[in-house]
J.: 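First the structure, then my questions, so here it is.
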Amino acid sequence: SFVNPLGWIVVTDRSSNSFVDSESIAYQLESFRAPGMLSSSSPPQKRSRANESAHGDSFSSPAYGLHATAMTTATAGTSKEQQELASAMAVAAALAATPETILASSEVSSDSSGDSAKEPSTSDAASGAAPGTTAQKVIHDHHQGNCTNATLPVDEAGRVYHVGVGFGEVSPRVLSVGSESRAAMLASFMDDGGPVFVRHSSRGFVTHTGRVLGQPLSIIATGMGVAMMDFLVREVCVALTDPRSLSTASSSSSAATTTTTSTSTSTSSSESTSGHYPLAMVRYGTCGGVRRGVQLGAVSVASHSLLVQRQVDYFHPAVEEENSSSSAPSSASSSSSASTSAPTTAPYYFSRLVPGDAALLEGVRVELERELGADRVLVGENATADSFYSSQGRADPNFEDANQSLIEDLLRAHPTLATLEMETFQLYHLAKCRRQAPLHAAAATIVLAQRETDKFLEFDRLHQVEREGGLALLHALAKFQFADGSTAHPLDSDPRCVWNQQKQNVAAVTTTE
């Protein structure tokens, strides 16, 4: 754990597959609030629930006011560069909670949009919830201990590093949404008035776990972009790995590879020999319609998805000179071959189409049409862009993007393309690449913008469709049949999972209150 010249704290050593302990990270963050501590070789005292009160004010969230004061103290008498770096690290410290779990003592925060439903308090649950109400365990930082693996970081409590959940805290049925307010609003539709478990990770993921139509289900606020979807899919799959199988699986990685099941989504839903479980995941977000007939406020079900990727080497000064004498640029088609360097003949690359899970897509369509009406639901191809601006053909006068013909090129290559957004392809792509157990993937998005007519959906209508379409997707996941005509999943009745714990014991870890 050291601070490099750019101010980043180095937390992993990939050559040795090691991960820095959480106390050292806290020590480096504190060092920026008290200049001179970097020369000390003694890390701060290990934090525990017994001495939490001595440290809690420094780290527990929200503590922005306290950290604003610390920031001023830390930057006094230093150079401008040091002040800027200290300020940035103080903000980072304000966002980083203690290495221990912090339990919220009241209710989950809702944003100003007013869409978030008020949720029961942890303190009420701890004191004994009334019959028929939901006891919640609301946790604001996922770190329970040190991570020992730099390849797939999991802390000592078995929770993944970014999403912040462990085995039994996330369901094998997942609805991924972009915003926290949408996740909280949809969580209010869960059985018994809401989720039994809510976790806010320090990396922006919020997980609500409970039941819908009697089936365990998680709603996860994921954020935006292919990177966040990649974190979500991979780490949820890790969290669904049975801890009882880890020691056996880790004894020989080569042996584990040979025992993996087929990637086909028709594989049986029973537990695999390596302790991995099938997963059904639906993305619910917003998109832009790219051709006429894709109406604002409609919900588009993505039968297939392709990736639109900006080719950064095209914009390299040396390549610009090479291309200056050539004809006007056009986007690359899916026939472009892979190479050790990115193609430079076109500024954007279009991948091949990848399909979603046919059975889950059909269930999504049926439930959406039941809730919204067939005239407000369409099924079509989707394109996932690696950015909101350049790779979606938006003109930005501040940058050279060479994207004037991008949407035209997309429609020329895929005449039935309906929508453009930022996550679906990564979900579908990883679903086809999962080895240990099936990943059933589907996506449905609200048409928020019409690119051809340059119109944008009113927010009142957006919120209405969020509620109606979200309820339909929750039902589609709850009714999904993993195999053999049954909605049952091996984890549904597992007593280790939060959805099977007694309500009065769900908020069990309360020693910090």
Side-chain angles (χ1 to χ4, degrees), residues 49 100-108 117-145 154-160 163-175 183-184 186-201 205-220 235-236 238-246 271 275 277-280 474 477-478 487-513:
R49 300 201 184 282
E100 318 295 338
T101 294
I102 303 299
L103 295 183
S105 60
S106 57
E107 62 193 31
V108 178
K118 182 176 179 181
E119 297 170 318
S121 69
T122 305
S123 56
D124 291 342
S127 61
T133 62
T134 301
Q136 277 188 350
K137 183 162 73 171
V138 184
I139 301 179
H140 278 278
D141 183 48
H142 68 269
H143 294 302
Q144 292 289 297
V154 177
D155 69 18
E156 292 169 348
R159 294 189 173 94
V160 289
V163 182
V165 292
F167 183 82
E169 296 174 342
V170 62
S171 163
R173 303 171 186 87
V174 173
L175 181 66
L186 293 177
S188 69
F189 292 140
M190 287 181 163
D191 297 353
D192 299 323
V196 297
F197 178 89
V198 181
R199 185 182 296 280
H200 295 240
S201 87
F205 294 90
V206 184
T207 301
H208 303 255
T209 297
R211 289 180 181 270
V212 174
L213 302 180
Q215 302 286 14
L217 196 148
S218 294
I219 302 169
I220 304 181
E235 294 195 358
V236 166
V238 171
L240 285 176
T241 304
D242 194 325
R244 295 176 300 195
S245 70
L246 290 179
E271 179 185 351
Y277 294 92
L279 168 65
L474 290 175
L477 274 167
T487 60
H489 187 281
L491 291 179
D492 289 349
S493 58
D494 193 311
R496 297 171 294 171
C497 299
V498 293
W499 52 86
N500 288 320
Q501 296 175 9
Q502 293 295 323
K503 289 183 180 178
Q504 62 268 28
N505 294 328
V506 170
V509 187
T510 59
T511 55
T512 62
E513 296 183 342

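These values consider heavy atoms only, across backbone and side chains, with no hydrogens, waters or symmetry-generated copies. Note that the structure is predicted; figures quoted are calculated from it, not measured. Numbers for residues simply follow the sequence, beginning at 1.
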J.: Can you see which heavy atom on Ala239 is nearest to which on Val165, and at what distance?
T.: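 In terms of heavy atoms, the two residues are closest at CB-O, 3.8 Å.
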J.: Using only heavy-atom distances, determine whether the side chains of Gln215 and Thr487 contain a donor-acceptor pair under 3.5 Å.
T.: yes
J.: Residues in side-chain hydrogen bond (donor to acceptor under 3.5 Å, both in side chains) with Ser218, at least two apart?
T.: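 Applying side-chain hydrogen bond (donor to acceptor under 3.5 Å, both in side chains) to Ser218 gives Thr209.
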J.: In Å, rounded to the nearest 0.5 Å, how long is the span from NE2 of His489 to CG of Asp494?
T.: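 If I round to the nearest 0.5 Å, the distance is 10.5 Å.
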J.: Calculate, to the nearest 0.5 Å, the distance between atoms CG and OH belonging to Leu491 and Tyr277 respectively.
T.: 5.0 Å
J.: Given the rule in the side chain to side chain contact (heavy atoms under 4.5 Å, CB included) test, do Leu279 and Leu240 qualify, once you have shown the distances and angles that lead to the verdict?
T.: CA-CA 8 Å; Leu279 168 65; Leu240 285 176; 3.9 Å; yes
J.: Hey, what do you get for CD (Glu169) to CZ (Arg496), rounding to the nearest 0.5 Å?
T.: 12.5 Å
J.: Between Ser171 and Pro216, which heavy-atom pair has the shortest distance, and what is it?
T.: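 Shortest heavy-atom contact: OG-O, 2.9 Å.
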J.: Quick one: CZ on Phe189 to NE2 on His208, what's the gap to the nearest 0.5 Å?
T.: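 Atom-to-atom, Phe189:CZ and His208:NE2 are 13.0 Å apart.
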J.: Starting from the C-alpha separation in whole Å, work towards a yes-or-no answer on side chain to side chain contact (heavy atoms under 4.5 Å, CB included) for Val163 and Val238.
T.: CA-CA 11 Å; Val163 182; Val238 171; over 6 Å; no
J.: Asn500 versus Arg211: any side-chain heavy-atom pair under 4.5 Å?
T.: yes
J.: Measure the spacing between CG of Leu217 and CZ of Arg173 and express it to the nearest 0.5 Å.
T.: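 So the gap between those two atoms works out to 7.0 Å.
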J.: Does Met190 form a side chain to side chain contact (heavy atoms under 4.5 Å, CB included) with Val212? I'd like the steps, not just the answer.
T.: CA-CA 5 Å; Met190 287 181 163; Val212 174; 3.9 Å; yes
J.: What's the shortest heavy-atom distance between Asp242 and Phe167, and which atoms?
T.: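 Closest approach of Asp242 to Phe167: CA-CE1, 3.7 Å.
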J.: To the nearest 0.5 Å, what is the distance between CD on Glu235 and CZ on Phe205?
T.: 7.0 Å
J.: Hey, are the side chains of Ile220 and Val236 touching, using non-hydrogen atoms and a 4.5 Å cut-off?
T.: yes
J.: Minimum heavy-atom separation for Trp499 and Gly210, please, with both atom names.
T.: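 Nearest pair, atom of Trp499 first, then Gly210: CB-O, 4.4 Å.
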J.: Taking all heavy atoms of Pro172 and all of Pro278, pick out the closest pair and write down the distance.
T.: CB-O, 3.6 Å
